[in-house]
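The block underneath contains the structure these notes are about, expressed in structure tokens.
Because the structure is a prediction, the values reported are computed rather than measured. All ligand and atom numbering here is 1-based and tracks the order in the structure.
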Amino acid sequence: MSNLKIQGQPLPNMPWEERPADCKNVMWRYSKNPIIPRDLLATSNSIFNSAVVPFKDGYAGVFRCDDTNRRMTLHAGFSKNGIDWKINEETIRFECDIEGVKEWVYGYDPRVCFIDDRYYVTWCNGYHGPTIGVAWTFDFETFHQVENAFLPYNRNGVMFPRKINGNFAMLSRPSDTGHTPFGDIFYSESPDLEFWGRHRHVMSPAPFEVSAWQCMKIGAGSIPIETSEGWLMFYHGVLRSCNGYVYAFGSALLDLEKPWIATHRSGPYLISPQTPYECMGDVPNVCFPCAALHDPATDRVAVYYGCADTVTSLAFGRISEIVEFTKRTSII
Ligand code: BMA
């Protein structure tokens with residue numbers, strides 16, 4: 001895969017650690033995981049399922065901080081190196097003048113996507129049940145909220161980093177009011193971030209006999225990375241065990257101009273709950289990716305993922321190896 005072309009801005013100083021000598025896996029964990037403890041804020045019960053992007057000479061992000069009332073809130077944060085984070089004590093107050101939308105209920109599982117000149121934030125937004133909230137910011141200080149993208153019930157809204165067919169594009173996962181025991185990934189487009197349509201089906205859960213870690217529901221994870229082999233997407237999959245849900249993540253390749261066509265999809269997972277911080281916490285056995293940083297020249301990628309609904313961790317990999325793995329093990 002040496003002729004693989006990877007799009008994106010150079011990020012030579014992104015967080016990185018080489019694969020440990022004894023590691024035979026496609027992706028490996030940062031040696032000092034988790035990078036964000038649950039109690040980084042005086043008021044936080046847990047900080048997980050959060051999104052980061054390059055910003056100025058460092059990084060910025062939107063963090064899911066459940067507080068000690070167990071309310072799900074979003075906070076902005078900043079970092080010089082992508083590993084040590086300073087998260088604002090106060091929650092993000094979205095500027096919004098749309099009646100019925102501006103009333104904050106709850107927000108969780110944010111994603112952040114840079115398109116053209118600004119950062120777009122999508123999150124699971126409380127509006128008579130969960131749907132996809134959308135806002136944009138230039139500076140991670142003032143956030144402008146626009147219309148919710150979809151009707152309830154929906155989760156895991158993940159935008160593409162460039163327009164497709166001249167439109168904004170988003171993956172999402174129609175769901176229910178609770179702990180959804182089903183879920184397919186869909187694709188939608190919008191000319192203006194207000195009206196969404198051209199809805200297309202992307203992927204269903206896999207048959208249990210084929211790939212059990214993703215047999216109950218799936219949802220898009222990080223912002224897709226554009227490569228000459230297609231959009232590389234990290235996504236979570238869920239297995240229902242006798243002891244509850246187990247969240248792992250794998251990878252898929254989507255057609256560049258028709259991203260609702262998944263061309264390859266990993267049979268094995270990339271990362272599944274195996275370490276103490278992934279297996280123990282408020283919700284045991286959860287690895288939930290919401291962001292990825294990458295550097296095209298060095299082929300590096302760092303995936304930020306929530307662990308056990310409690311803390312945030314990092315996993316590393318080489319994009320060319322993940323693309324090769326996705327194709328070699330594809331269940332499509
Ligand atoms: C999903 C979402 C995630 C969470 C996961 C495991 O439905 O609510 O935020 O990480 O469940 O509890």
*atom 8 (O) of ligand 1: nearest protein contact (heavy atom, Å)*: Tyr108 CE1, 3.8 Å

*Would you sort out whether Phe288 and His236 count as a ring-ring contact (aromatic ring centres under 6.0 Å, His included), showing the intermediate values?*
CA-CA 6 Å; Phe288 196 95; His236 70 260; 4.4 Å; yes

*asked:* Looking only at distances, can you tell me whether any N or O atom of Arg155, backbone or side chain, sits closer than 3.5 Å to an N or O atom of ligand 1?
replied: no

_Heavy-atom side-chain contact between Leu40 and Phe63 under 4.5 Å_ = no

*Go through the steps for Trp136 and Phe138 under the test ring-ring contact (aromatic ring centres under 6.0 Å, His included), then give the verdict.*
CA-CA 7 Å; Trp136 55 267; Phe138 289 122; 5.3 Å; yes

*asked:* Suppose we call two aromatic rings close when their centres sit under 6.0 Å apart. Are Trp231 and Phe160 close by that rule?
replied: yes

*For ligand 1, is any non-hydrogen atom under 4.0 Å from Asn49's backbone (N, CA, C, O), its side chain (CB onward), both, or neither?*
side chain

*What's the shortest distance from atom 7 (O) of ligand 1 to any protein heavy atom, and which residue and atom give it?*
Tyr247 OH, 3.4 Å

*Is NZ or CZ of Lys102 both nearer than 6.0 Å to the six-membered ring centre of Phe94 and within 45° of the ring axis?*
no

*Using distance alone, determine whether Arg64 and ligand 1 share an N or O pair under 3.5 Å.*
yes

*Do Asn33 and Ile35 come within less than 4.5 Å of each other through their side chains, counting heavy atoms only?*
yes

*Can you find an N or O of Asp309 that's nearer than 3.5 Å to an N or O of ligand 1?*
yes

*So which protein heavy atom does atom 2 (C) of ligand 1 come closest to, and at what separation?*
Asp109 OD2, 3.6 Å

